[in-house]
S.K.: 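Handing you a structure now.
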Amino acid sequence: MPSQRPQFLWYIPNDVKSGHRGDTVSQDHNSLDTLTGHAKALEDHGWAGALIGTGWGRPDTFTLATALAARTERFEPLVAIRPGYWRPAQFATAAATLDHLSNGRLRVNIVSGLDDLAAYGDSEGDQAARYARTKEFMRLVRRLWTEDKVSHAGEHFQLANSTVMPRITPREGRPHPPLYFGGASAAAEHVAASEADVQLFWGEPREALAERIERLRRLSRTLDRDLPPLQFGLRITTLIRDTSEQAWADAEARVAAMAAGQSGSWQDHRRAVAVGQQRLFDLHLRGEVLDDNLYTAPGRVGGGGAGTTWLVGSPIEVARSLSQYRDLGITHFILSDTPYLSEIARQGRQLLPLLSASGAGGL
């Protein structure tokens, strides 16, 4: 696992449709040259890498991650993958190969939310069965990366005498690619507490995340977790401008455009509302601004996923809010805003240095 030093990543939507969440509309938005430009900009502006979105109807996430890793030197793809789309041994082998070819740059985000399962021949069943399979998948993949001649006879998967090649090269604090995981239901939290390396949260108020972190830590002890301590991450939209007044004016104008249906595709989590997504949608009932600058109005007018709530303000205001999340024990941050490419540079220049300063007591 990566150390407890904070990790700052961005987001690459990986969509066939242009204009994702208000992004610049262009015909070549998902060409290899364009996406490589994003990955190289991330390298140039201090980001560790980026989460790459997944879901049926999007380009294959793992293929894109491989291509971007080949065209960059330091960019670390956080590849979102689904049990059911992949089987454990095939995924463990593909991931070990990419990790080898990229010199240890792979991160993995395990996704268990609903998808167009029938399109690729999967059937996850009810929530209990879905998360039971995910738990078994994660444990088996980790074994395949760290053990030889793995045999397994489980409820969902069976293997006999399986040794993945090439072998994962252990690195300091990182025995294998880290497994990120999200979900707010009780079933999801049991999977995270026992199997994940990093639990990802969306942008909830700090008090709510403090409660969830404490609950997950207690659950890890109850389940006799046999892995290093669970780490925590935040996936959120960060809208920064030079001044607070300008940031809020732009945020309110964007929400008005979303309400009028004039701001691109924002509703990519609307098809099936999971527990965590519903928690975000409900936040606006408590007020349009929570904590210092957590803006909930986007969820009222169509924002989904990490676009449901935004941190809004000047660079120092948003950095201060992120540092307060960090005080709760969150060490992995996946940020984004649109246009994606120009915001990589803006936030890399204006926000990341302040976050480094906050780690040294600068905020």
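Note that the numbering runs from 1 along the sequence shown for the chain.
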S.K.: Identify whether the distance between the nearest side-chain nitrogen and carboxylate oxygen of R167 and D148 falls below 4.0 Å.
M.R.: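 Answer for the salt bridge query: yes.
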S.K.: Do Y180 and H332 have side-chain atoms, one donor and one acceptor, less than 3.5 Å apart?
M.R.: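 Yes - a donor-acceptor pair under 3.5 Å links their side chains.
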S.K.: What are the two closest heavy atoms between Q350 and I240, and how far apart are they?
M.R.: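 Result for this residue pair: OE1-CD1, 3.9 Å.
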S.K.: With a 4.5 Å cut-off on side-chain heavy atoms, are T309 and E204 touching?
M.R.: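 Heavy-atom side-chain distance check fails, nothing below 4.5 Å.
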S.K.: Should T24 and H29 count as side-chain neighbours, where that means a heavy-atom distance under 4.5 Å?
M.R.: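 The answer is no; the side chains never approach within 4.5 Å.
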S.K.: Is any NZ, NE, NH1 or NH2 atom of the basic residue among E136 and R133 found under 4.0 Å from an Asp or Glu carboxylate oxygen of the other?
M.R.: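 So E136 does not pair with R133 through a salt bridge.
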S.K.: Of the non-hydrogen atoms in V79 and A65, which two are nearest, and what is the gap between them?
M.R.: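 Nearest heavy atoms, V79 then A65: CG2-CB, 3.4 Å.
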S.K.: Fit a plane to each ring of H20 and Y11, take the angle between them on a 0 to 90° scale, and name the class: parallel (under 30°), tilted (30 to 60°) or perpendicular (over 60°).
M.R.: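 H20 vs Y11 ring planes: tilted.
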S.K.: Do the side chains of R174 and D197 get close enough for a salt bridge, i.e. N-O under 4.0 angstrom?
M.R.: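 Here R174 does not pair with D197 in a salt bridge, since their nearest N and O are not under 4.0 Å apart.
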S.K.: Of all the heavy-atom pairs spanning L294 and P205, show the shortest one and how long it is.
M.R.: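 The answer is CD2-N, 3.6 Å.
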S.K.: For the pair Q7 (side chain) and R5 (backbone), establish whether a donor and an acceptor sit closer than 3.5 Å, ignoring hydrogens and angles.
M.R.: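 Here the side-chain-to-backbone pair exists.
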S.K.: Kindly say whether T54 contributes a backbone atom to a donor-acceptor pair with the side chain of R58 at under 3.5 angstrom?
M.R.: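 Checked: pair present.
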S.K.: Say whether, by atom type as modelled, one donor and one acceptor occur between the side chain of T34 and the main chain of D28 under 3.5 angstrom.
M.R.: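 Side chain of T34 to backbone of D28: a pair is present.
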S.K.: Measure the CD-CZ distance between E189 and R215 for me, rounded to the nearest 0.5 Å.
M.R.: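 Between E189 CD and R215 CZ, I get 4.0 Å after rounding to 0.5 Å.
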S.K.: Nearest heavy-atom pair of S26 and S18: which atoms, and what distance?
M.R.: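 Shortest heavy-atom separation between S26 and S18 comes out as N-OG, 2.9 Å.
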S.K.: Donor-acceptor pair, Q199 side chain versus L230 backbone, under 3.5 Å?
M.R.: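 No: the side chain of Q199 does not pair with the backbone of L230.
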S.K.: Has R320 got a side-chain atom pairing as donor or acceptor with S323's backbone, closer than 3.5 angstrom?
M.R.: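 Checking the backbone N and O of S323 against the side chain of R320, no donor-acceptor pair under 3.5 Å is found.
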S.K.: If we only count heavy atoms from C-beta on, is the I236 to L335 side-chain gap below 4.5 Å?
M.R.: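 Side-chain contact under 4.5 Å: yes.
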S.K.: How about W248 and Y295: are their ring centroids closer than 6.0 Å?
M.R.: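 That pair passes the under 6.0 Å test.
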S.K.: Classify the ring geometry of F333 against F8: parallel below 30°, tilted from 30° to 60°, perpendicular beyond 60°.
M.R.: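 Ring orientation of F333 relative to F8: parallel.
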S.K.: R139 and D226: salt bridge (charged side-chain N to carboxylate O under 4.0 Å, His left out), yes or no, with the steps?
M.R.: CA-CA 11 Å; R139 176 61 54 140; D226 59 356; 3.0 Å; yes
S.K.: At their closest point, which heavy atom of W47 faces which heavy atom of W10, and how far apart are they?
M.R.: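 Heavy-atom minimum between the residues: CH2-CE3, 3.5 Å.
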S.K.: For R235 and S336, test the side chains for any donor-to-acceptor distance below 3.5 angstrom and give the result as yes or no.
M.R.: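 A donor-acceptor contact under 3.5 Å links the two side chains.
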S.K.: Any chance you could measure R286, atom CZ, to T296, atom OG1, to the nearest 0.5 Å?
M.R.: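 So the CZ of R286 and the OG1 of T296 are separated by 9.5 Å.
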S.K.: F201 vs F232 aromatic rings, parallel, tilted or perpendicular, using cut-offs 30° and 60°?
M.R.: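 Correct class here is parallel.
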S.K.: Run the salt bridge (charged side-chain N to carboxylate O under 4.0 Å, His left out) check on R71 and D33 step by step: do they pass?
M.R.: CA-CA 10 Å; R71 287 196 167 197; D33 285 344; 2.8 Å; yes
S.K.: Say whether R105 and T72, considering side chains only, have a donor N or O and an acceptor N or O under 3.5 Å apart.
M.R.: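 Yes, side-chain donor-acceptor contact under 3.5 Å.
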S.K.: Between L311 and V318, which heavy-atom pair has the shortest distance, and what is it?
M.R.: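 Answer, listing the atom of L311 first, then V318: O-CG2, 4.0 Å.
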S.K.: Say you draw a straight line from CZ of R217 to CZ of R225; how long is it, rounded to the nearest 0.5 Å?
M.R.: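 The CZ atom of R217 sits 11.5 Å away from the CZ atom of R225.
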S.K.: Where the side chain of R142 meets the backbone of E195, is there a donor-acceptor pair that is under 3.5 Å apart?
M.R.: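 Looks like yes, one N/O pair under 3.5 Å.
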